[in-house]
Asks: 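Got a structure for you, questions after.
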Amino acid sequence: MVKRARFPKKGKKAQIGKAKKKAKKPAKKMKMKKKIAVRSAKKIHSKSKARHVKKKAHARNANGVKMKAKGKSVVAKAVKIPIPQKEQRKPRCIVLAGFGLNAEAELAHAFCLAGAEAEIVHFSDISSGREKLSDYEIFAIPGGWSFGDDIAGGRVLSNKLKHTFRAQFEAFVASGKPMLGVCNGFQVLVKLGALPNISGSFAQESTLTFNKSGRFEDRWVYLKPQKSACKYFEGVPFINCPVRHGEGQFVPRDRKMLDALARAGMVPIKYCDEKLDDSAGYPQNPNGSAENIAGICDKTGKILGLMPHPECSIARTLFPRFTAGVSYEKNSMRFFENIVKAAKEHVK
Amino acid sequence: MAAGGNASGIPTVNGSLYFDERYLGKPLVYCGTGGIMPSSLPDGRKTHEKRVMSGDRIFMVGGRIGKDGIHGATFSSEGLSETSPVSAVQLGDPYTQKKMLDFLLEARDAGLYNFTQDCGAGGISSSIGEMAESSGGCTVHLDRAPLKYPGLDPWEIFVSESQERMTLAVPPGKAGEFVSLAHLRDVEVSDLGEFDASGFLRVLYGARVVAFISMQFLHKGVPQLQLDAELRTPKLSEPAIAEHQNLGGILLSLLARPNICSKEHIIRQYDHEVQGSSVVKPLCGVKADGPSDAGVIAPLLGRPEGLVVSNGICARYSDIDAYQMAANAVDEAVRNYVSAGGSLDRLALLDNFCWGDPIASPDNPDGRHRLAQLVSACQGLYDACLAYGAPLISGKDSMKNDYRHGKWRISVPPTLLISAVGKTDDVSLSQTTDFKSAGDAIYVLGLTRAELGASEYYAMNNATGTAVPKVDFRRNAALYKKLEIAIRRGVLSSCHDCSEGGLAVALAECCIGGRLGAAVAFPQGKYIGKLTPAQLLFSESSGRFVVSVKRKSEKALRAIMRGAACERVGEVKGDLLSISVRGQEAVSVPVEGLSSAWKRTMGW
């Protein structure tokens, strides 16, 4: 289920409802945040929600539906199967929200479908110490317009992070747990210096700047995985998903750096055309990125940032041509499942 | 609109752009937003019932107050001129609003407020004034309101329409928790006073009382206007346009007209995918550049239920008949809605009127006629809503859309925008407009009549004409219900409504979407009767669709459509759109030619 971390409410204990695993958490921690009680699926059904409550409902139902339809799907695997020994819990995914980020619900939903337990957490809940990154195995920063992107995409949020929970963030990076930045989240990671971080000193080495077309564009693109340190695209022949940004042009410092990125396997994904030719120009490369680069990773391959939105192509009906029978949702789901798989080794 | 919608994280899934020279003085922008509300809150309260309790604190939330937007509403209800104040326009900041929105949803679920109202026209004067009706009075301290900069007079603070603000009634016991949540989320809130049951709206600035008005007078004191209306029949006649043998060239010119051409350049600058729920997007087809009739979203991620959203607007028809203008606007919205997979059983409409000044004065000699047009339009709207069983759940009007400069006056044509919205149980049954595969049969649903009045074809010939499309509500409603069944049963391969430009344009658009040609023939017979080729191809008669079906589904389609006009006119084929009328070739244009004509006008 997707949950949204809640503001503490005086005198009211966190209600975790049916999520039994949560009961193991220390009571002290439970007081820290009030979580939305998980209602029975039936009750949720009758209560269509505004954004955040709604998210929770989907995830639950989506799991349910998927399980029934395809008993052997990966989602089903992640759902409880009675095992006599100690059962490994699902990896926890923290999806950042607040301050103008706006694509947290669909990103959390994708991670839930892929077998993680995703929680949407407001930035200020981390900076104020209510939530700790170390409680999670995946850190995801979604798309949006953080701080209105008024100075440059992701600039202010990355500065705010630097001056609030930088130590936690760097510890998360050092732990080797998966981290994903999509769109605005990618911009944040680049401006933080977490990507590509060739020097290892979290200094900004490249940038994402205004599209060559000079305007915001929403269009579907094809992405071709490259040989790289990043394992999240294993078994993914290509991804078809939307881009929607005004500042997505990847610009490295210089040619030398571009070559270094390629040599070190830090370019895991490129824009391509329908025939998977990754040298195609505009509009297949929608923003004029150097060498059609759609996303980059760090040296370990654990931190990935990309401009396109694979979380928006995880269901058949989201594809523009599904009415003609064309959809590739399995490819996008495989990508998220790979991230969740990589997170599993960090589950204690 | 792109900046506001995109930065707010709200997908812009449907829209249209309508050109007429009379919008030069005052361009109109309509924007509609929908949301989903829980039927009850975690604490059990029903969300559709809201009440301000006496003793509740008055909180203003969000942005600060500045001089921008003072008299915004009265400004938009006045003729525009070179002396119009710059400060009447509000300066928006979607980021502030997004923060406020996230905060309000969180505070709502935590049960921290009783009532909310946005600060629209009239700013806090109207939001607090309206909310105070619920409790029976209030005391407001204007000096406690946060300002963008000092120097505002009390009345300016009270009426400023600076954006991104909401007024809330917060129970006194929850105020502390409310304020600390706001601080945590970096949202500015200020306690401006208290709702009470005193029977008066009392406004203070420091110790000075700056307003003291009885609630009775405030809400019931306005006398109703009595206005006279007089409908003048316009002196119009059908133009004599020479019959062309080859209508292909005319079709290409129509496709390039601003009201018909591709709006891809604009659409792509709107984020129509955020929230991961857009099923039918504004563009469709193999190259994702064909037009969609409606937007379909599935906002409950992972669930099949969704919403269909569409619109209808045909202002120019009011040059002939305002009643039919309104009726056609509703019909177009409903047509688009049904075409994408919407159901008449779950349909609701919104009406937005923009008119030239309808109050007669020496300055405004045709005021009585405009008022009569307003009455006619309302009658058309009324009849249409009853016929389609659709309630009007929201709307707005703006009545002074005139621009004056010396002797010149430019007034907008009477304009009614209808938005349609409804729930669908399964978004996977949605349909798009593009032809899907060669060999599919093409049908035209609905009757074509000699109705070229106020059409794009006449406009291209600088004519208005008289035969405006007349909506046959009963026949159309019956057809829409049948079409709904056909779509729900998955019988169709594509479905596109006919509107501006008529049948020929609709066929061309289906071809462009699928990058497939079509061989279409209208032999002499019952369907075309006495229509001339131009009337057949370019009339904008209501209640029509172009659909394509697999050969094996033709029987099923005919069975469903029994009793309705359902004419097989050809098949999807090759890469050429050819249309013959009474055995004579009228149109023969390669699909690439159609597409480049259609995309060129705004292909920046």
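Convention: sequence-line order gives letters A, B, ...; per-chain numbering from 1. Note that the coordinates shown come from a computational prediction; the quantities given were computed from them, not determined experimentally.
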Asks: Do the non-hydrogen side-chain atoms of A/Glu106 and B/Val274 ever get within less than 4.5 Å of each other?
Replies: yes
Asks: In terms of heavy-atom proximity below 4.5 Å to chain A, should B/Ser278 be classed as side chain, backbone, both, or neither?
Replies: backbone
Asks: Under 6.0 Å from the OH atom of A/Tyr328, do we count more than 12 heavy atoms belonging to anything else shown?
Replies: yes
Asks: For B/Ser428 versus A/Phe322, what's the shortest heavy-atom pair and its separation?
Replies: O-CE1, 3.6 Å
Asks: Quick check for you: among A/His309, A/Glu217, A/Arg321, A/Glu274, which has the greatest number of heavy-atom pairs under 4.5 Å with chain B?
Replies: A/Arg321
Asks: Rounded at 0.5 Å granularity, tell me how far NE2 in B/His265 sits from OG in A/Ser213.
Replies: 9.0 Å
Asks: Can you see which heavy atom on B/Asn6 is nearest to which on A/Asn102, and at what distance?
Replies: O-ND2, 3.5 Å
Asks: Taking the side chain as every heavy atom from C-beta outward, state whether B/Leu283 and A/Pro320 have any atom pair closer than 4.5 Å.
Replies: no
Asks: Search all heavy atoms of B/Lys281 against all heavy atoms of A/Phe319 and return the closest pair with its distance.
Replies: CE-C, 4.3 Å
Asks: Give, for atom CD of B/Glu264 and atom CZ of A/Arg219, the distance between the pair rounded to the nearest 0.5 Å.
Replies: 6.0 Å
Asks: Under a 4.0 Å threshold between the charged nitrogen and the carboxylate oxygen, would B/Arg268 count as salt-bridged to A/Asp218?
Replies: no
Asks: Is there side-chain contact between B/His272 and A/Arg244, with heavy atoms separated by less than 4.5 Å?
Replies: no
Asks: Given that the side chain runs from C-beta out, which part of B/Ser277 has a heavy atom under 4.5 Å from chain A: side chain, backbone, both or neither?
Replies: backbone
Asks: For B/Val187, is it the side chain, the backbone, both, or neither that has a heavy atom closer than 4.5 Å to a heavy atom of chain A?
Replies: neither
Asks: For B/Ala288, is it the side chain, the backbone, both or neither that has a heavy atom under 4.5 Å from a heavy atom of chain A?
Replies: neither
Asks: Indicate yes or no: does B/Arg185 engage A/Asp125 in a salt bridge with an N to O separation below 4.0 Å.
Replies: yes
Asks: With rounding to the nearest 0.5 Å, note down the distance linking CG in B/Asp271 to SG in A/Cys183.
Replies: 8.0 Å
Asks: Considering only heavy atoms from C-beta outward, does the side chain of B/Tyr95 approach that of A/Phe99 to under 4.5 Å?
Replies: yes
Asks: Compare every heavy atom of A/Ala324 with every heavy atom of B/Lys436, then report the nearest pair and how far apart it is.
Replies: CD-CB, 3.7 Å
Asks: Where does B/Tyr270 contact chain A at under 4.5 Å (heavy atoms): side chain, backbone, both or neither?
Replies: backbone
Asks: First locate atom OG of A/Ser124, then atom CG of B/Asp186, and finally report the distance between them rounded to the nearest 0.5 Å.
Replies: 8.5 Å
Asks: Might you point out which heavy atoms bring B/Glu273 and A/Cys312 nearest each other, and give the distance in Å?
Replies: O-SG, 3.9 Å
Asks: What are the two closest non-hydrogen atoms of A/Gly98 and B/Asp102, and how far apart are they?
Replies: CA-OD2, 4.2 Å
Asks: Using modelled atom types and a 3.5 Å cut-off, is there a donor and acceptor pairing between side-chain atoms of A/Thr317 and backbone atoms of B/Val427?
Replies: no
